[in-house]
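Everything below concerns the one structure shown next.
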Amino acid sequence: MTASLVTRILEFNCDREPERLALKYAAMRRDPFSFFRGTAHLFHDDWPKRSPLDRTALTWACGDLHLENFGSYEGGNRLAYFDINDFDEAALAPCARDLARFLTSVLLAAAAIRVRASDARELCRETLRAYGSALRLGKPGWVERDTARGMVRSLLKRVRSRTRAELLAERTVFRQGRRRIRTDGRHAIPATRDMRHAVTTALQAFGARQSDPRYYKVVDVARRIAGTGSLGLERFVVLVRGSGVADGHVLLDVKQAAPSALIPSLRTPQPTWRNEADRVVTIQQRVQAVSPALLHVLRVGGDWCILRELQPMEDRLSLAGAHRKLPRLRRALETMAQVIAWGQLRCAGRGGSAIGDEWVAFGHDRQWPRGVLDYAVRYVRTVRHDWKEFAVAYDDHVFDADPSAREPRASARS
């Protein structure tokens, strides 16, 4: 017997922290696109067994590819880039999985910003053409300010002027002459004493292996609120000493790595990773042209986490008003299509991924694009139906979190 939608969602999220899980459910209630972002497990569970799309080229897939998982960031070389920026569900998979999920997100987001359905489908076709064209060239590129166009160029120009001092002013406060993380309920909420101890101990051990251990001296720790799909997992924002000069403090993101929601639905053999964080970080480093500053695996008590720097350059494209500027939206989607293709070419031949010549041939193949788009169009109907069912259950308080179900822990407990 197939489990009900409510049961599938509750079971998937059963071990998450109630306080932030409530925020996740509230976000999913907003609209079908937000619901889609929070339910990657449903997308992969629903994927047809023995789908012909599973015969597409193997790649190191993002696993949760949608419009909100692209954005700007500062690379380890301190330049701003635009790329896929979330690999929590990443795995070796047929490339159609990422493509179909991405196109589904385009169709759902287009409806949310009042783009006509016929225009949205044409945008998807043009996106697939741009993706195929990038593959046929057989050479990966990257997107930085000087090579970006349209909305992406505007985004990279805008974030260029942001400073760490401005980020600190927004996310921290001074109390009794010392800088502390602002726990405003929007970006962060307080951490327990055990959590602070576990994170501090982990960063102290990590810092001891770095060239400047004092850089990682912990000043404050809070629980971070960010994203949709990962809400409820352990995640911290950490204020560290940094350079030690005025406004030299640095904010770090420490995010628990959970098992991929994509892998259980795959027949593709997977490598044996040392831990889930190793999977996420390794695949991210393979796919991105330049990885974010300070991307590392960090063990916090009993949990494996992903460590990275929180940056003033981080941002996403705003699609508000895009229905009035379809050419700009078209260029942005073309850029995202190129980014997807370039990531696949970049990791070609690594660990079971298709080799470069296979990607070039795939770019010339005219058969698969229709199948991917047809599946996305069909799955949009599934998402809308599921969201309505979820909304009714949510309004009936079925998803009200029981605070006693899981006390905030030190993910962290050693």
Side-chain angles (χ1 to χ4, degrees), residues 15-17 60-64 69 73-77 81 83-92 191 194-213 215-218 221-224 226-227 229-242 250-263 270-311 314 343 346-347 350-353 409-414:
D15 62 347
R16 300 202 177 193
E17 174 200 306
W60 289 105
C62 161
D64 188 20
N69 275 346
Y73 65 91
E74 185 178 57
N77 57 8
Y81 293 90
D83 210 331
I84 302 169
N85 60 12
D86 190 318
F87 292 83
D88 290 355
E89 316 298 345
L92 183 66
D194 285 347
M195 290 174 178
R196 291 195 298 269
H197 173 73
V199 173
T200 299
T201 300
L203 278 170
Q204 183 178 21
F206 175 80
R209 303 191 297 271
Q210 310 306 311
S211 59
D212 182 7
Y215 185 96
Y216 298 93
K217 181 180 179 181
V218 174
V221 179
R223 288 179 285 162
R224 188 171 182 222
S230 62
L231 279 172
L233 293 174
E234 295 291 15
R235 191 168 189 175
F236 303 99
V237 54
V238 188
L239 181 68
V240 296
R241 176 182 179 273
V250 173
L251 289 166
L252 305 178
D253 180 56
V254 177
K255 181 180 183 182
Q256 180 188 0
S260 166
L262 166 60
I263 289 176
Q270 301 295 312
T272 301
W273 303 101
R274 288 177 294 179
N275 52 69
E276 298 295 348
D278 178 51
R279 170 182 58 81
V280 174
V281 170
T282 300
I283 297 175
Q284 182 165 353
Q285 290 172 335
R286 287 179 181 177
V287 174
Q288 290 179 324
V290 179
S291 293
L294 207 64
L295 181 67
H296 283 280
V297 172
L298 181 72
R299 186 165 190 174
V300 181
D303 289 336
W304 288 100
C305 299
I306 303 147
L307 171 68
R308 66 182 185 86
E309 182 181 333
L310 269 183
Q311 307 165 347
E314 289 179 28
R346 192 170 292 114
C347 59
R350 301 196 63 182
S353 174
R409 64 189 177 97
S411 34
R413 261 200 309 263
S414 48

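Along the sequence shown, residues carry numbers from 1.
With rounding to the nearest 0.5 angstrom, the CD1 atom of I306 is 13.0 Å from the NE2 atom of H296. To the nearest 0.5 Å, atom CG of residue D64 and atom CZ of residue F87 are 11.0 Å apart. Note that the CZ atom of R224 and the CG atom of L251 stand 9.0 Å from one another [nearest 0.5 Å]. Separating the CG atom in L252 from the CD atom in E309 is a distance of 7.0 Å, to the nearest 0.5 Å. The structure places CD of Q256 at 8.5 Å from CZ of R16, a figure rounded to the nearest 0.5 Å.
Panel note: side chain W304, backbone A258; no donor-acceptor pair is recorded below 3.5 Å. No side-chain donor-acceptor contact under 3.5 Å links R308 to the backbone of A293. Here the side chain of R279 pairs a donor or acceptor atom with the backbone of A90 at under 3.5 angstrom. Side chain of Q270 to backbone of L92: a donor-acceptor contact under 3.5 angstrom is found. E89 contributes a side-chain N or O that, together with a main-chain N or O of A261, makes up a donor-acceptor pair within less than 3.5 Å.
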- Criterion side chain to side chain contact (heavy atoms under 4.5 Å, CB included) on E234 and D303, from CA distance to verdict: CA-CA 9 Å; E234 295 291 15; D303 289 336; 4.2 Å; yes

- Task: Verify side chain to side chain contact (heavy atoms under 4.5 Å, CB included) between N275 and V297, making sure each step is shown before the conclusion.
- Result: CA-CA 9 Å; N275 52 69; V297 172; 4.0 Å; yes

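V237 is not listed as a side-chain neighbour of D253, based on a closest heavy-atom distance of 4.5 Å or more. Side-chain contact between R235 and S230: present, with at least one pair of heavy atoms (C-beta onward) separated by less than 4.5 Å. Residues P292 and Q311 are in side-chain contact: their nearest non-hydrogen atoms beyond the backbone lie under 4.5 Å apart. Two residues are said to be in side-chain contact when any heavy atoms from C-beta on lie closer than 4.5 Å; Q210 and Y215 fail this criterion.
Residues passing the side chain to side chain donor-acceptor pair (under 3.5 Å) test with Y216, sequence neighbours excluded: none. Contacts of D88 classified as side chain to side chain donor-acceptor pair (under 3.5 Å), with partners at least two apart in sequence or in another chain: K255.
In plain terms, the two heavy atoms of C62 and D86 that are nearest each other are SG-O, 3.1 Å. Here the closest non-hydrogen pair linking G63 and L262 is CA-CD2, 3.8 Å.
Screening V221, L298, V300 against L203 for a side chain to side chain contact (heavy atoms under 4.5 Å, CB included) leaves a single residue, L298.
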Tell me which donor-acceptor pairs under 3.5 Å the side chains of residues 280-290 have, and how far apart each pair is, sequence neighbours excluded?
unit_1 : atom_1 : unit_2 : atom_2 : d
T282   : OG1    : D278   : O      : 2.7
T282   : OG1    : D278   : OD1    : 3.2
Q284   : NE2    : Q288   : OE1    : 3.2
Q288   : NE2    : I84    : O      : 2.7

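Of the N and O atoms on the side chains of Y81 and N77, at least one donor lies less than 3.5 Å from an acceptor on the other residue.
Within 6.0 Å of CZ in R346 there are more than 12 heavy atoms belonging to other residues, nucleotides or ligands.
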